[in-house]
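Here is the structure we will look at, set down as structure tokens.
Everything numeric here is computed off the predicted structure, so don't read it as measured data.
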Number of protein chains: 2
Amino acid sequence: MSMDAVFKALSDPSRRQLLDRLHDHNGQTLNDLCSGLEMTRQAVTKHLAILEAANLVATRKQGREKLHFINPVPINDIAERWIGKFERGRLKALAELKRNLEREEP
Amino acid sequence: MSMDAVFKALSDPSRRQLLDRLHDHNGQTLNDLCSGLEMTRQAVTKHLAILEAANLVATRKQGREKLHFINPVPINDIAERWIGKFERGRLKALAELKRNLEREEP
DNA sequence: TTGACATGCAACCAAATGGTTGCCTATAAA
DNA sequence: TTTATAGGCAACCATTTGGTTGCATGTCAA
């Protein structure tokens with residue numbers, strides 16, 4: 001699974017909003033997810049396709065409806081593999097940052 | 001600080017690469033950061049400006065050089081505020097996801 | 001079976017994005 | 001005081017992106 005697709009998918013506020021909605025109430029249909037949004041259904045469809053391609057959302061067809069479920073694994077992977085790297089030694093880096101910036105400044 | 005700017009800044013592979021480089025060796029000049037990249041200096045300048053606007057990178061001028069330092073705080077904030085939300089109950093959500101997807105499938 | 005509802009597909013559009021080239025400014029060094 | 005080096009600014013360009021409208025397909029219910 002490409003980490004780039006996940007980052008790209010998360011970079012749009014509308015898509016993060018959709019993830020938030022699924023986090024609040026998992027297993028919604030497309031129309032459920034559209035309700036109250038300032039977007040056409042087709043726009044939401046596109047966003048969901050991007051989230052699905054990034055493996056952040058999984059779907060299941062049930063009759064004429066399509067149910068959407070959030071998949072926490074890729075988000076967790078980013079937290080573990082990528083953010084974790086910057087976390088380690090965070091306080092040290094922050095202290096170093098302040099020290100470096102303050103050299104030769106008022 | 002806008003969380004959206006941070007997500008947007010992190011969505012580009014070149015910018016994540018620059019952060020990686022600063023993580024490896026902090027306090028580099030613009031030319032340091034350009035060396036060996038398949039990009040013009042001006043492209044790197046633009047990326048660094050975006051990272052700086054998102055508060056992911058801080059700079060200090062030293063003579064005719066400009067030193068760049070990574071700031072771990074916004075990344076940490078995202079981990080805490082946003083990813084943390086999806087982390088909580090991750091295993092439960094994953095089990096639920098599998099259960100939902102497997103209903104009525106081979 | 002026919003109408004209503006849920007979703008899919010494709011063409012199109014404006015704006016944002018990532019990149020380039022060319023030139024200008026400022027500082028260090030010869 | 002030249003000259004080379006580090007960086008800044010601006011115009012321009014192609015592609016991607018987020019969105020729309022219009023129409024097609026599939027499924028449930030009367």
Separation of [X] atom [atom1] from [N] atom [atom2], in whole Å?
| X | N | atom1 | atom2 | result |
| --- | --- | --- | --- | --- |
| B:Lys61 | D:dT5 | NZ | P | 18 Å |
| B:Leu48 | D:dC9 | CG | C1' | 16 Å |
| B:Glu65 | D:dG7 | CD | P | 6 Å |
| A:Leu30 | D:dG26 | CG | P | 17 Å |
| B:Lys66 | C:dA28 | NZ | C1' | 19 Å |
| A:Gln62 | C:dC5 | CD | C1' | 16 Å |
| A:Leu18 | D:dG18 | CG | C1' | 13 Å |
| A:Arg60 | C:dT7 | CZ | P | 13 Å |

Tell me whether [X] contacts the main-chain N or O of [Y] through its side chain, where contact means a donor paired with an acceptor under 3.5 Å.
| X | Y | result |
| --- | --- | --- |
| A:Asn71 | A:Asn55 | yes |
| A:Arg15 | A:Leu10 | no |
| A:Asn76 | A:Pro72 | no |
| B:Arg60 | A:Asn100 | yes |

Indicate every side-chain donor-acceptor pair of residues 20-27 of chain B with a distance under 3.5 Å to a residue at least two apart or in another chain.
residue : atom : partner : partner atom : Å
B:Asp20 : OD1  : A:Lys85 : NZ           : 2.8
B:Arg21 : NH1  : B:Leu33 : O            : 2.9
B:Arg21 : NH1  : B:Ser35 : O            : 3.1
B:Arg21 : NH2  : B:Ser35 : O            : 2.9
B:His23 : NE2  : A:Lys85 : O            : 3.2
B:Asn26 : OD1  : B:Ile70 : N            : 3.0

Review point. Taking atom types as they are modelled, is there a donor-acceptor pair under 3.5 Å from the base of C:dT7 to the side chain of A:Arg64?
Key: no

Exercise for review: Output yes when at least one side-chain N/O atom of B:Asn31 is less than 4.0 Å from OP1 or OP2 of D:dG7, else no.
Suggested key: yes

Interface polar pairs with nucleotides 16-23 of chain C, N/O, under 3.5 angstrom:
residue : atom : partner : partner atom : Å
C:dG18  : OP1  : B:Asp12 : OD1          : 3.3
C:dG18  : OP1  : B:Arg15 : NH2          : 3.3
C:dG18  : OP2  : B:Arg15 : NH1          : 3.3
C:dG19  : OP2  : B:His47 : NE2          : 2.2
C:dG19  : N7   : B:Lys46 : NZ           : 3.0
C:dG19  : O6   : B:Lys46 : NZ           : 2.3
C:dT20  : OP2  : B:Thr40 : N            : 2.9
C:dT20  : OP2  : B:Thr40 : OG1          : 2.5
C:dG22  : O6   : B:Gln42 : NE2          : 3.1

Practice item. Please collect all ring-ring contact (aromatic ring centres under 6.0 Å, His included) contacts where either partner lies in residues 29-82 of chain B, sequence neighbours excluded, each pair once. Key: B:Phe7-B:Trp82, B:Trp82-B:Phe86

